[in-house]
Every structure is written in structure tokens, then in C-alpha cells.
Amino acid sequence: MVGTGCGGRFGELAAGGPCRRAGEAVWTGVYSSEDRVRAVRNVLGLPRRVVPLNVIPIGYPAENPALKQKWDPAKVRCNGWAE
């Protein structure tokens, strides 16, 4: 998958598309961190001319940690950036 349609494809995957039995899928950014790009190239054996943009690990978590509360309505901005 290349181009602007990648987000839509992830949506299909996360909704259970071709991997209905997989537990979780998380869009994980790789580019523009050179360390991450190098690591993904290394693991997948990608040539230098291929730049990985993201990876989507699919599966079940090894652990079940307590859920973190990340929602903070104070961080939501509407119609501009006002403190």
C-alpha cells in the first residue's frame, strides 16, 4: 500500500477485515525517526531505497495492564489555539 489510502486500509484492518481473529492492531509510526527506520529495515531486510512509513503489529498482548486514562478535555482545542 502506497499513498494516501493507507489510513483507510488500516481502518479496514482494525475493524476486523482480513484478520478477524487477531486481537489488536495498532498503527505504529516509523518515519521520520531514523533509528526506527533503520530497525524496521533491518528486521524486514528492506533495501536502502525503501523507506518504511509505519508498521502494524497484529496479535494479542502478552500482558493485560490496567488501562490508562489518556482523555484530557483540557487538551482539546476548538476553532483555534487559546490557553
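For Arg36, the CZ atom counts as loosely surrounded, since its 6.0 Å shell holds 12 or fewer non-hydrogen atoms of other residues, nucleotides or ligands.
The side chain to side chain donor-acceptor pair (under 3.5 Å) contacts involving residues 42-51 comprise nothing, where partners must be two or more places apart or lie in separate chains.
For Asp35, the side chain to side chain donor-acceptor pair (under 3.5 Å) criterion is met by Arg38, not counting sequence neighbours.
Expressed to the nearest 0.5 Å, how far NZ of Lys75 lies from NZ of Lys70 amounts to 10.0 Å.
The shortest heavy-atom contact between Gly29 and Asn54 is CA-CB, 4.3 Å. Val76 and Trp71 make their closest contact through CG2-CH2, 3.4 Å (heavy atoms, listed as atom of the first residue, atom of the second, distance). Contact between Arg77 and Gly80 at its shortest, heavy atoms only, is CB-O, 3.2 Å.
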Worked check of side chain to side chain contact (heavy atoms under 4.5 Å, CB included) between Val40 and Val55
CA-CA 8 Å; Val40 171; Val55 294; 4.0 Å; yes
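Residues Pro52 and Leu44 are not in side-chain contact: their nearest non-hydrogen atoms beyond the backbone lie 4.5 Å or more apart.
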